[in-house]
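Some notes on the structure that comes next.
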Amino acid sequence: MKEMKISELTLAMIHAAKKGSNIAMIIRSKDALLRLLVEEKTGNQKNVRFVQDFKTLADVLIQETVRYDLDQKFPGLGKNLYGEESNKFTNALGETICVTIEPDQEKNVELLGQVLHGNHEAAHLLAQAISSQPESANNPLLDQVLDEIELDKVRIWIDPIDSTAQYIQAAESKADEHNVISEGLQCVSVLIGVYDVQTGLPIIGVAYQPFHHQEDDGWKSRYIWGICYGDTKVHFFSDKEDSKESGNNVIVTSSSEDQRIQEKLKEMFSLCYAAGAGYKALCVLDDKVDAYLVSKGSTYHWDTCGLHAILMAMGGGIASYKDCVTDLNRDPDLQQIRYNISTEVPTSGIDQWCNSNGVIVYKEPRILQKLQKLLATTGPMQL
């Protein structure tokens with residue numbers, strides 16, 4: 001079996017996520033182009049949580065670019081990458097085109113020209129972004145990671161654009177008193193996670209925020225990575241946000257969260273609301289909030305796998321909400337979300353990869369214990 005150095009795989013993921021971030025920024029920079037690239041999901045790919053759920057060419061391009069780049073670095077790895085999106089896109093003429101990345105840039109231009117209904121300027125811009133080589137993310141921490149793992153023992157989950165609705169709408173929003181953004185481009189992220197096929201646990205995570213903050217010359221991005229494999233636990237922030245000290249008794253959730261749970265949480269915590277599963281988990285990593293909680297099956301494996309690895313590298317995790325509130329004595333390791341199995345509810349389409357029992361995202365085990373004791377009295381919700 002071919003072995004990979006975990007440090008090299010992590011670096012390749014950082015480069016791929018950065019390239020994906022660049023593609024997202026190019027597309028978002030031109031509203032007229034973005035409108036051409038939106039396609040409503042249908043059938044078993046539709047997310048029933050929203051009246052409209054959109055797949056964009058940005059999603060497909062980022063996912064397939066990451067697949068292609070990782071496969072170039074580690075031949076055979078590309079087939080082990082899974083995500084929310086298929087690689088099929090329907091253009092303005094109703095033509096269904098299979099989006100694949102080729103080593104020849106002109107072939108990519110030709111394919112993208114078909115998707116974009118002859119918009120060759122846009123096709124060239126995107127093809128250049130696909131072929132670009134991001135600046136090396138040299139980090140001494142990675143040099144210290146000596147572990148190796150067999151290629152066939154890992155799988156990858158990717159969310160090429162988490163919070164697609166915010167990406168499309170680009171609404172403006174100011175930070176609240178906890179420095180949490182409720183909506184807008186800052187909530188968008190590119191998420192990649194590697195998990196161990198045997199244990200189902202995440203081992204490497206990379207999160208890229210293309211629109212982290214604005215400066216005079218435009219949007220600036222940042223990335224975070226983490227490795228949790230055996231005794232190796234390391235993480236890195238390219239830009240750590242200022243926040244209040246941890247332990248500020250704040251929970252971030254969705255405004256649609258069950259009212260009974262919200263009222264119970266308010267007994268011990270303040271609540272705030274934000275868009276994007278990835279962004280809410282990032283708020284936990286940045287110590288803006290103590291935890292992110294959702295009692296329903298509204299997140300998926302691609303939303304959580306990468307961030308889960310980073311949290312575990314920092315001593316936290318992502319636990320099943322139902323397991324936590326129904327069995328206080330269960331080993332915390334057994335409460336962790338596993339990524340090598342689909343949901344226990346027989347379904348098809350994307351719902352088979354739903355975190356159907358809800359999630360509690362935390363960085364400090366004491367917060368998980370505090371939430372367990374508080375919420376055990378509410379009983380499990382209708383999931």
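Hydrogens, waters and symmetry mates are skipped; everything else that's a heavy atom, side chains included, is used.
R222 places no side-chain N or O within donor-acceptor distance of the main-chain N or O of Y208, the cut-off being under 3.5 Å. At least one donor-acceptor pair closer than 3.5 Å links the side chain of R28 to the backbone N or O of I168. In terms of modelled atom types and a separation under 3.5 Å, the side chain of S7 and the main chain of D143 share no donor-acceptor contact. Under a 3.5 Å cut-off, the side chain of S29 and the backbone N or O of I26 do form a donor-acceptor pair. Distance alone, capped at 3.5 Å, places no donor-acceptor pair between the D290 side chain and the I251 backbone. A side-chain donor-acceptor contact under 3.5 Å links D176 to the backbone of H178. A donor-acceptor distance shorter than 3.5 angstrom exists from the side chain of R155 to the backbone of D152, with no hydrogens or angles considered. The closest donor-acceptor contact from the side chain of E257 to the backbone of S295 lies under 3.5 Å. Not a single donor-acceptor pair under 3.5 Å links the side chain of D69 to the backbone N or O of A16. Q166 contributes a side-chain N or O that, together with a main-chain N or O of G184, makes up a donor-acceptor pair within less than 3.5 Å.
Going from atom CG of L307 over to atom CD1 of I224 covers 7.5 Å, rounded to the nearest 0.5 Å. Annotation: the span from L265 atom CG to L293 atom CG amounts to 5.5 Å, rounded to 0.5 Å. Distance check, rounded to the nearest 0.5 Å: CG of L9 to CD1 of I204 gives 4.0 Å. Here OG of S320 is found 8.0 Å from CD of Q335. Values are rounded to the nearest 0.5 Å.
Shown here for T253 and Y292, the closest heavy-atom pair between the two residues is CA-CD1, 4.4 Å.
In this structure, Y223 is not a member of the same hydrophobic cluster as M312, with clusters built from ILVMFWY side-chain heavy atoms closer than 4.5 Å. In terms of hydrophobic clustering, with Ile, Leu, Val, Met, Phe, Trp and Tyr side chains grouped at heavy-atom distances under 4.5 Å, M4 and V194 are assigned to a common cluster. Tracing side-chain contacts under 4.5 Å through hydrophobic residues (I, L, V, M, F, W, Y), one reaches L141 starting from V145; they form part of the same cluster. Cluster membership check: I350 shares its hydrophobic cluster with I337, using side-chain heavy-atom separations under 4.5 Å among Ile, Leu, Val, Met, Phe, Trp and Tyr. Residue Y362 is not grouped with residue L201 when hydrophobic side chains (ILVMFWY) are merged at heavy-atom distances under 4.5 angstrom, including chains of intermediate members.
Salt-bridge formation is detected for the pair K363/D287: a Lys NZ or Arg NE/NH1/NH2 atom is positioned less than 4.0 Å from an Asp or Glu carboxylate oxygen. We find that D162 and K280 are not joined by a salt bridge, their nearest charged nitrogen and carboxylate oxygen being 4.0 Å or further apart. With respect to D258 and K296, no salt bridge is recorded, no charged nitrogen being found less than 4.0 Å from a carboxylate O.
W353 is listed as a side-chain neighbour of W157, based on a closest heavy-atom distance under 4.5 Å. In this structure, the side chains of Y321 and I261 come closer than 4.5 Å at one or more pairs of heavy atoms. Residues I23 and I130 have side chains in contact (heavy-atom distance under 4.5 Å, counting atoms from C-beta outward). In this structure the side chain of L374 reaches within 4.5 angstrom of the side chain of E267, judged on heavy atoms. Side-chain contact between T65 and I62 is absent, with no heavy-atom pair separated by less than 4.5 Å. At a threshold of 4.5 Å between non-hydrogen side-chain atoms, the residues L126 and I27 count as touching. In this structure, K264 and L375 have side chains that are in contact, with non-hydrogen atoms separated by less than 4.5 Å. By the 4.5 Å heavy-atom criterion applied to side chains, L111 and E102 are not counted as neighbours.
Between the side chains of H308 and Q336, a donor-acceptor pair is found at a separation under 3.5 Å. Using a 3.5 Å distance cut-off with no hydrogens or angles, the side chains of N355 and T304 do pair a donor with an acceptor.
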Between Y229 and D196, is the side-chain hydrogen bond (donor to acceptor under 3.5 Å, both in side chains) condition met? List the steps. CA-CA 9 Å; Y229 184 68; D196 186 305; 5.1 Å; no

Please evaluate residues D59 and Y167 with respect to the criterion side-chain contact (heavy atoms from CB on, under 4.5 Å), reporting the C-alpha separation (whole Å), side-chain torsions for both, the decisive distance (0.1 Å), and the verdict. CA-CA 11 Å; D59 282 299; Y167 177 69; over 6 Å; no

Could you go step by step and tell me if D159 and Y300 meet the side-chain contact (heavy atoms from CB on, under 4.5 Å) rule? CA-CA 9 Å; D159 192 344; Y300 294 80; over 6 Å; no

Decide yes or no on side-chain hydrogen bond (donor to acceptor under 3.5 Å, both in side chains) for Q105 and H124, but give the supporting numbers first. CA-CA 9 Å; Q105 184 171 315; H124 275 282; 5.3 Å; no

Apply side-chain contact (heavy atoms from CB on, under 4.5 Å) to the pair E364 and I367, showing each step before the final yes or no. CA-CA 6 Å; E364 297 185 23; I367 296 296; 4.1 Å; yes

Which is it for I181 and Y279 under the side-chain contact (heavy atoms from CB on, under 4.5 Å) test, yes or no, and what are the steps along the way? CA-CA 9 Å; I181 304 288; Y279 177 72; 3.5 Å; yes

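A cation-pi arrangement is present between K370 and F269 under the rule of less than 6.0 angstrom and at most 45 degrees off the ring axis.
Within the 6.0 Å centre-distance limit, the rings of W219 and F211 are counted as a close aromatic pair. Residues H301 and Y195 keep their aromatic ring centres 6.0 Å or farther apart.
When the shell of 6.0 Å around NE2 of H213 is examined, it contains more than 12 heavy atoms from other residues, nucleotides or ligands. Heavy-atom contacts from other residues, nucleotides or ligands closer than 6.0 Å to CD of Q128 number more than 12. Crowding of K79 atom NZ: a count of heavy atoms from other residues, nucleotides or ligands under 6.0 Å exceeding 12.
Using cut-offs of 30° and 60° on the angle between ring planes, the pair H235 and F237 is perpendicular.
Of the listed residues (K266, R260, Q259), just one forms a side-chain hydrogen bond (donor to acceptor under 3.5 Å, both in side chains) with Q262, and that residue is Q259.
Residues passing the side chain to side chain donor-acceptor pair (under 3.5 Å) test with D217 are K220, sequence neighbours excluded.
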